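Reading through the C-alpha cells given below for one structure.
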Protein chains: 2
Amino acid sequence: MSKATRDKILATTSSLLERQGYHATGLAQIVSESATPRGSLYYYFPDGKEELASEAVALRMRATAEFARRFLGEINDPVEAVYAMIMDMAEKMSKQGCGTGAPIAAVALEASNSSERIRKACADGYQGLQEVLAAKLVMGGFSAERASSLAMTINASIEGGMVLSRTKHDSDILVSIADDMKFLLRSALQASG
Amino acid sequence: MSKATRDKILATTSSLLERQGYHATGLAQIVSESATPRGSLYYYFPDGKEELASEAVALRMRATAEFARRFLGEINDPVEAVYAMIMDMAEKMSKQGCGTGAPIAAVALEASNSSERIRKACADGYQGLQEVLAAKLVMGGFSAERASSLAMTINASIEGGMVLSRTKHDSDILVSIADDMKFLLRSALQASG
DNA sequence: GTCTATAATAAGATAGAC
DNA sequence: GTCTATCTTATTATAGAC
C-alpha cells in the first residue's frame, strides 16, 4: 500500500535530476527531500541509483510526451499548435527563473558514455516525444518521412533552446525558437503543397 | 616554463568534461589522464575544481568559436557555409562513435543552478559562438536583428541535436538538422529580400 | 614547481534487526 | 516495509617538505 512512497521517491528524483543532473544528485538528498523512509529506497529500487534514475527518466518523459499529445490536440493547425507549445514552455521556464527545463538532458549527456541502462531510458523518452510531434505534423499534411525529420529538428531546437536559456538565464531564446519553428513549418508546408 | 603542464591539464579537463560532465569528472582522473605532476593542479588553479572547469570551458568555447569563424570564412554563401559546418560536426561525431559533441552542454546544465562562475563561463562561450554565426549571416544579407535571432536558433538546434545524437547513438540527426537549417535560412532570405 | 601525506567529508551500497 | 549501523571507496582540498 506504499505506492505513495515509491511515487514520491520518483517525483523527487525526477525534479533533482532536472536541476542538478545525475552525479550531483545524492541518494541522501533524494530521501531527505522526498520525506520518505530511509529504508525504502533500496526496497523499491534494488539496483540502486542506476535503476532509480532510469525509472525516473522514463516516467518523466512519458509524462512529457502525454502532455505534448494533449496540448497539441487542443489546437487544430499543427503549425500553430507547435508554436503554442514552445511558447508555453518558454512561459513556464520564465516563471521558474530559468532553473528548470530540459528535464533529462543533463542525465542523458552524463550517462551516454557510462550507463547503457540510463542512456536507453533517455533515448526511448526522446523517441516517444518525437513521435507525438511527428504524428501531429502528419495531420497537417506532411508526409510521414518529412514529419519525422521535422519533429527531430523541433525536438532538438527545443532541447538546445532550454540548455541556452538555463545557461544565459534568458527564456526569450525559446520565444525566438518558437518563431523560427513556426516559420520553418509554414515554409516547408508551402514547398510540399 | 611549465606552460605545457597547465595546458595539458586544461586540455584533459576539457575532454573529460565533454564526455562525462562536471561532477563525474574527478581531479584524480584529470591528473592521471593528463600525465601531469600531482602537485601542479592547485598551483595553477588555486581555487580548485571550479576555477579549472571555468577556464577549461572558456578555452574550449573560444576555440570552438574560432574554428567556426575560419570554417564559415571559407565558403562565401552563408547558407551553404552554415550547412557545411553542421555536416562537418555530424561527420566528426560519427567518427567518434557519438561519444562526444556538445562540449560544454553537460557542464552548463549541471552548473547553471550551483556555480555562478561556471555558469557565466558557459554563457559567455555560447554568446561568442552565436556572434560568429550572426556575423556570417549579416554578410549574407540578413538584418542584424534577424541574423541574431537566427543564429540563436541555429546554435540551439546544433546543441540539442548533439544531445539527441549522443543519446540515441545516431549522428544522422545532425544531418537532418543541417538540411532543415539550410531550408530555414533560404526561406528567411527569400522572405526578407 | 612539485612532492607526499592527510584531513574532512560524502558517496553508493549492504547486513541484519524489527 | 522500514530502520540503523557500517563497509568501502571516492571525493575536494590543505599542509608542509623539498
Side-chain angles (χ1 to χ4, degrees), chain A residues 1-57 106-107 109-111 113-119 121, chain B residues 1-57 106-107 109-111 113-119 121:
Chain A
M1 188 73 304
S2 302
K3 182 88 172 341
T5 294
R6 201 185 124 101
D7 287 349
K8 277 209 290 188
I9 294 175
L10 282 170
T12 299
T13 301
S14 172
S15 168
L16 289 171
L17 291 180
E18 174 174 18
R19 285 176 288 158
Q20 306 176 333
Y22 182 73
H23 284 94
T25 299
L27 299 182
Q29 191 183 15
I30 292 172
V31 167
S32 120
E33 275 204 30
S34 63
T36 278
R38 302 192 158 274
S40 297
L41 206 152
Y42 279 94
Y43 174 78
Y44 288 111
F45 305 96
D47 287 350
K49 193 180 183 180
E50 195 182 13
E51 179 183 8
L52 172 53
S54 301
E55 291 280 321
V57 162
V107 177
L109 287 168
E110 287 179 273
N113 289 322
S114 64
S115 163
E116 178 60 19
R117 184 174 189 173
I118 297 178
R119 200 216 100 239
Chain B
M1 189 72 305
S2 302
K3 180 91 173 338
T5 294
R6 199 187 125 100
D7 287 350
K8 276 208 290 187
I9 293 175
L10 282 170
T12 300
T13 301
S14 172
S15 168
L16 288 171
L17 291 181
E18 175 174 16
R19 285 176 288 156
Q20 306 176 334
Y22 183 74
H23 284 94
T25 299
L27 299 181
Q29 191 183 13
I30 292 172
V31 167
S32 122
E33 276 204 29
S34 63
T36 278
R38 303 191 156 275
S40 297
L41 206 152
Y42 279 94
Y43 174 78
Y44 289 112
F45 306 95
D47 287 350
K49 193 181 183 180
E50 195 181 13
E51 179 183 9
L52 172 54
S54 302
E55 291 280 321
V57 162
V107 177
L109 288 169
E110 287 179 274
N113 290 321
S114 63
S115 164
E116 177 60 20
R117 185 174 187 171
I118 297 177
R119 201 217 99 236

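Please read these numbers as outputs of a predicted model, since none were measured by experiment. Every chain is numbered from 1 and lettered A, B, ... according to where its sequence line falls, protein lines coming before strand lines.
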Length of the CG-C1' vector between B/L41 and C/dG1, whole Å: 13 Å
Rounded interatomic separation in angstrom, taking CZ from A/R38 and C1' from C/dT14: 16 Å
Given atom CD of B/E51 and atom P of D/dA13, what is their separation to the nearest angstrom? 11 Å
When every non-hydrogen atom of A/A121 is compared with those of A/S54, the smallest separation belongs to CB-O, 3.8 Å
Tell me the interatomic distance from A/K8, atom NZ, to D/dG1, atom P, rounded to whole angstroms. 15 Å
Only counting residues at least two apart or in another chain, list the ones meeting side-chain contact (heavy atoms from CB on, under 4.5 Å) with A/R38. A/V31
Sequence neighbours left out, what pairs pass salt bridge (charged side-chain N to carboxylate O under 4.0 Å, His left out) with at least one residue falling in residues 11-26 of chain A? A/E18-A/R60, A/R19-A/E33
Quick one: does any side-chain atom of B/E110 pair with a main-chain N or O of A/A24 as donor and acceptor, under 3.5 Å? no
Whole angstrom is fine here: how far is it from CZ in B/R6 over to P in C/dT2? 13 Å
Which residues pass the side-chain contact (heavy atoms from CB on, under 4.5 Å) test with A/K49, sequence neighbours left out? A/Y22, A/L27
Quick note, A/Y43 side chain, CB onward, closest among D/dA13, D/dG1, C/dT14 is D/dG1
Quick one: which of D/dT2, C/dA13, C/dT2 gets closest to the side chain of A/S40? D/dT2
Just how far, in rounded Å, is C1' of D/dT2 from CD1 of A/I9? 11 Å
Please give, in whole Å, the distance from D/dA13 C1' to B/L52 CG? 14 Å
Just how far, in rounded Å, is P of C/dA13 from NZ of A/K49? 8 Å
For A/T13, the side-chain hydrogen bond (donor to acceptor under 3.5 Å, both in side chains) test, sequence neighbours excluded, returns none
Which listed nucleotide (C/dC3, C/dG1, C/dT14) is nearest to the side chain of B/Y44? C/dG1
When you measure from every atom of DNA chain C, which of residues 26-37 of chain A have a heavy atom less than 4.0 Å away? A/G26, A/L27
Could you list the residues that satisfy side-chain hydrogen bond (donor to acceptor under 3.5 Å, both in side chains) with A/E51, not counting sequence neighbours? none
